[in-house]
Participant: 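Got a structure here, written out as structure tokens. Questions coming.
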Amino acid sequence: MTAWLRLHWMAFGSTLAKLASTPFATVLNVLVIGVALALPAGAYSLLFNLQYAARNVSSDPEFSVFLALEVQKSEIAQLERRLKDLAGIEKVEFRSRESALAEFRKHPSMGDVLAALDRNPLPDAFVVRLADNNGDVLDRMAEQVRGWAHVEHVQVDSAWVRRVAAAVGVGRVAVLLLAGLLSFALLAVTFNTIRLQILTQREEIEVAKLLGATNGTIKRPFYYYGALLGLLGGGAALGIVFSAFWVLNRSVAEFAQLYASDFRLDRLPPADLASILAFAAALGLAGAWLSVSRHLQSFEPR
Amino acid sequence: MIEFSAVTKRYPGGHEALKSVSLSVADGELLFITGHSGAGKSTLLKLLPVIERVTSGSVVVNGQNVSSMRAAAIPYLRRNIGQIFQDQKLLYDRSVFDNVMLPLAVTGVHPKDAAKRARAALDKVGLLAREKANPITLSGGEQQRLAIARAIVNRPAIIIADEPTSNLDTDYAGEIIDLFIAFHQVGVTVMIATHDEDAVRRAAGKTTTRNVQLKAGELIL
């Protein structure tokens, strides 16, 4: 058992030594992998922030019903009853045109505008809230109410939130496709690097095998090499994404202030960062495995 | 105890290197396998560490039929057989010391113990003073001694050597043979393939040896 651990430790050590002995090639390889992975990693964190921003905006299942201006009190009461009778309604809240006007007056820039008008331009309105957050039901109900008498306009506030969510969903598929494609770049880089190593170390491998090295002992350093290369590449990718975001952050902060929301790009949770690194290391390992199983076959006795 | 039973080895392409060879080697024996080049000496030795597998027949080492051994078990067999290759197979990208360390490094021996054992092996063949040298700077005889040090560092019970004295002056060849005699005298089974008649005579003059001759793949006792 201790011999086994020692073999692992020695394989790890020799891998580090190998990486350090060819610094230029190592840096180039790490950068190639880093750039390839930075694209999907960057797109992913953009999406993540978009989603985060959308989550801060209310996506409650409610719609507003604006009534015609000439509607009578009795008709309002009747409408309220009809709304309350709809299935799945949690709350119906009436907002009179007077209270809406009062609210508008509080707004400093609006006061003058309203004063210039000779009558209240605002309609009476209901805010209808549904019990379940189901976009389809919400849309159908809004459509139904839209057809009623005395109803001027029905507005579903959460519609755009759902549109953003749908866009994020599409974006996520795109990121996955991109990640899948660029993973091949990482696989190819490790595969090829390790193929070259096996070729240059052919003699050593042959002799080690003759002297009683197991296949595992011979393959182990290559696996470590692949995984380590992937890990370093993943680190480089995160480095690239973070420095790109650091630059972007300055302009985005201004843009986000206009929308009164805090929109920052470095909000990826540590678990996601760890899984990007783990993914890169796993890909490097897979490339190493492919390469080793293709190129180390010819050492068995016939 | 090593037992070759009706061993036939046919290489791809049809060349028959060994034809129904039967031979048993007792523990601690010093055996010379002589014959012209192409007679099958190397092939016979390669069957022991399963560098080649038999086409038919069997090779049994210490009760283990190595000819049908699965690939995963072969490394452990090889650790018990000290091999001196015809082309030596030294690694010129590392020092004399690291060459001898290699068999220990691949089995995960503690580096401290390994270093001790490597130095003991180098001392045995008289190369301790050259441990930091690159093998390329050694003379032919020294390179052969290095190959021997690497073969014995695992303290194997069996040593096989393929033409260990070829291309060496008589003096150097004599030193090499004396080393094999020393291993034989401490109980190691030694099998040497050679066409060097002087070497065989020299050994016979110093200790009990046995000679077998191969001719076109067939054994002549």
Side-chain angles (χ1 to χ4, degrees), chain A residues 1-23 25-26 193-194 196-225 288-289 292-302, chain B residues 9-13 46-55 59 66-85 87-94 98-114 147 150-154 156 160 162:
Chain A
M1 189 62 193
T2 51
W4 184 80
L5 279 179
R6 192 147 45 232
L7 282 170
H8 267 277
W9 179 242
M10 276 157 59
F12 184 67
S14 74
T15 303
L16 284 182
K18 213 180 287 169
L19 281 169
S21 69
T22 54
T26 300
T193 312
I194 284 167
L196 284 175
Q197 277 183 13
I198 290 172
L199 287 180
T200 52
Q201 288 177 44
R202 203 181 169 81
E203 217 189 344
E204 179 186 351
I205 293 168
E206 231 172 68
V207 172
K209 249 210 109 158
L210 286 172
L211 296 178
T214 60
N215 282 339
T217 304
I218 285 170
K219 290 172 179 177
R220 207 169 288 130
F222 297 113
Y223 292 156
Y224 272 113
Y225 189 92
W289 180 83
V292 163
S293 47
R294 263 197 77 82
H295 301 116
L296 278 185
Q297 294 247 305
S298 52
F299 294 96
E300 301 298 337
R302 285 135 289 176
Chain B
K9 174 65 186 182
R10 195 178 302 114
Y11 282 108
K46 281 179 182 167
L47 295 174
L48 279 180
V50 205
I51 296 167
E52 298 288 350
R53 280 191 198 272
V54 297
T55 309
V59 181
V66 301
S67 44
S68 61
M69 195 174 247
R70 61 198 179 86
I74 292 172
Y76 303 95
L77 169 74
R78 288 182 182 164
R79 292 172 196 180
N80 281 317
I81 300 175
Q83 304 175 69
I84 291 126
F85 307 98
D87 56 353
Q88 293 174 333
K89 296 197 186 297
L90 300 174
L91 295 175
Y92 298 104
D93 62 347
R94 62 198 71 195
D98 285 340
N99 265 278
V100 182
M101 283 290 273
L102 191 62
L104 303 169
V106 299
T107 55
V109 175
H110 192 286
K112 257 189 189 160
D113 298 338
R150 190 183 62 185
I152 60 161
V153 75
N154 260 328
I160 57 177
D162 196 354

Participant: Measure the CD1-CD distance between B:Ile51 and A:Glu206 for me, rounded to the nearest 0.5 Å.
Facilitator: 10.0 Å
Participant: Side chain, backbone, both or neither: which part of A:Thr217 has a heavy atom under 4.5 Å from chain B?
Facilitator: side chain
Participant: Please lay out, stage by stage, how B:Val106 and A:Met10 fare under the test side chain to side chain contact (heavy atoms under 4.5 Å, CB included).
Facilitator: CA-CA 9 Å; B:Val106 299; A:Met10 276 157 59; over 6 Å; no
Participant: Looking only at heavy atoms, which two atoms of B:Pro103 and A:Leu211 are closest? And how far apart?
Facilitator: CG-CD1, 3.8 Å
Participant: Closest heavy-atom contact between B:Gly108 and A:Arg6?
Facilitator: O-NE, 3.2 Å
Participant: Do the side chains of A:Gln201 and B:Leu91 get nearer than 4.5 Å, heavy atoms only?
Facilitator: no
Participant: Taking atom CZ of A:Arg294 as the centre, report whether more than 12 heavy atoms of other residues, nucleotides or ligands fall under 6.0 Å from it.
Facilitator: no
Participant: Sort B:Ile81 into side chain, backbone, both or neither according to what part of it lies under 4.5 angstrom from a heavy atom of chain A.
Facilitator: neither
Participant: Quick one: of B:His110, B:Lys46, B:Gln83, who has the most non-hydrogen atom pairs under 4.5 Å with chain A?
Facilitator: B:His110
Participant: Side chain, backbone, both or neither: which part of B:Ala105 has a non-hydrogen atom closer than 4.5 Å to chain A?
Facilitator: both
Participant: Under a 4.5 Å heavy-atom cut-off, does chain A meet the side chain of B:Phe85, its backbone, both or neither?
Facilitator: side chain
Participant: Given that the side chain runs from C-beta out, which part of A:Ile218 has a heavy atom under 4.5 Å from chain B: side chain, backbone, both or neither?
Facilitator: neither
